Amino acid sequence: MDVLQLQRKLREHQAAMLREGFLDDQFSQLQKLQDESSPDFVIEVVKMFFDDSEKLLNNMTRALGQVPVDFKQVDAHVHQYKGSSASVGAARVKNVCATFRNFCETQNLEG
């Protein structure tokens, strides 16, 4: 596959992810910030998001495993994850975090 075909496939994949709600316009805004002086900007931001996601998910798992569960601590991690998700345009993750925060507010461990 040549470079042009790969670029076309990437654009198609991104369009599908936007259409299906995995990403939102914030991701497109990130892409606009990338230029010749920072050609790997989006890759670097997304990599940081994934690294932070792993840490936050591990923190949430540990917090949910405590007895009793400190829902304020869990909510703080979820709030941070929601903000990180919103900043990179990860719409579905952001939306799940909003629901998760509601469960924290009602102290619904099953939720």
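Keep in mind that what you see is a predicted model, and the values were worked out from it rather than measured.
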Between Q73 and A63 the two heavy atoms that sit nearest each other are OE1-CB, 3.8 Å
Taken to the nearest 0.5 Å, the spacing of Q66 CD from F71 CZ works out to 11.0 Å
Hits for side-chain hydrogen bond (donor to acceptor under 3.5 Å, both in side chains) against S37, two or more places apart or cross-chain, chain-then-number order -> D35
Taken in chain and number order and not counting sequence neighbours, the residues that satisfy side-chain hydrogen bond (donor to acceptor under 3.5 Å, both in side chains) with E12 are R8
When the side chains of residues 13-25 are checked against the rest of the protein, which donor-acceptor pairs come out under 3.5 Å, sequence neighbours left out?
{"residue": "Q14", "atom": "OE1", "partner": "Q31", "partner atom": "NE2", "Å": "3.1"}
{"residue": "D24", "atom": "OD1", "partner": "Q26", "partner atom": "N", "Å": "3.0"}
{"residue": "D25", "atom": "OD2", "partner": "Q29", "partner atom": "NE2", "Å": "3.2"}

Practice task
Any chance you could lay out the side-chain contact (heavy atoms from CB on, under 4.5 Å) test for D75 and F100, step after step, and finish with the verdict?
Solution key: CA-CA 8 Å; D75 186 58; F100 202 149; over 6 Å; no
Discussion item. Please say yes or no: joined through hydrophobic side-chain contacts below 4.5 Å, possibly via intermediate residues, are V3 and L10 part of one cluster?
Written reply: no
Mind listing the side-chain donor-acceptor pairs of residues 77-84 below 3.5 Å, one per line with the distance, residues two or more places apart or on another chain?
{"residue": "H79", "atom": "ND1", "partner": "R101", "partner atom": "NH1", "Å": "2.9"}
{"residue": "S84", "atom": "OG", "partner": "Q80", "partner atom": "O", "Å": "3.1"}

The side-chain hydrogen bond (donor to acceptor under 3.5 Å, both in side chains) partners of R92 (sequence neighbours excluded) come to none
Rounding to 0.5 Å, atoms CG (L6) and NZ (K9) come to a distance of 8.5 Å
Which pairs of donor and acceptor atoms, one on a side chain in residues 43-56, lie under 3.5 Å apart (sequence neighbours left out)?
{"residue": "K47", "atom": "NZ", "partner": "D51", "partner atom": "OD2", "Å": "3.0"}
{"residue": "S53", "atom": "OG", "partner": "F49", "partner atom": "O", "Å": "2.7"}

(message) Do F27 and V96 sit in one hydrophobic cluster, given that two such residues count as connected whenever their side-chain heavy atoms are within less than 4.5 Å of each other, even indirectly?
(response) no
Q) In the single-linkage hydrophobic clustering (I, L, V, M, F, W, Y; side-chain heavy atoms under 4.5 Å), do M60 and V69 co-cluster? A) yes
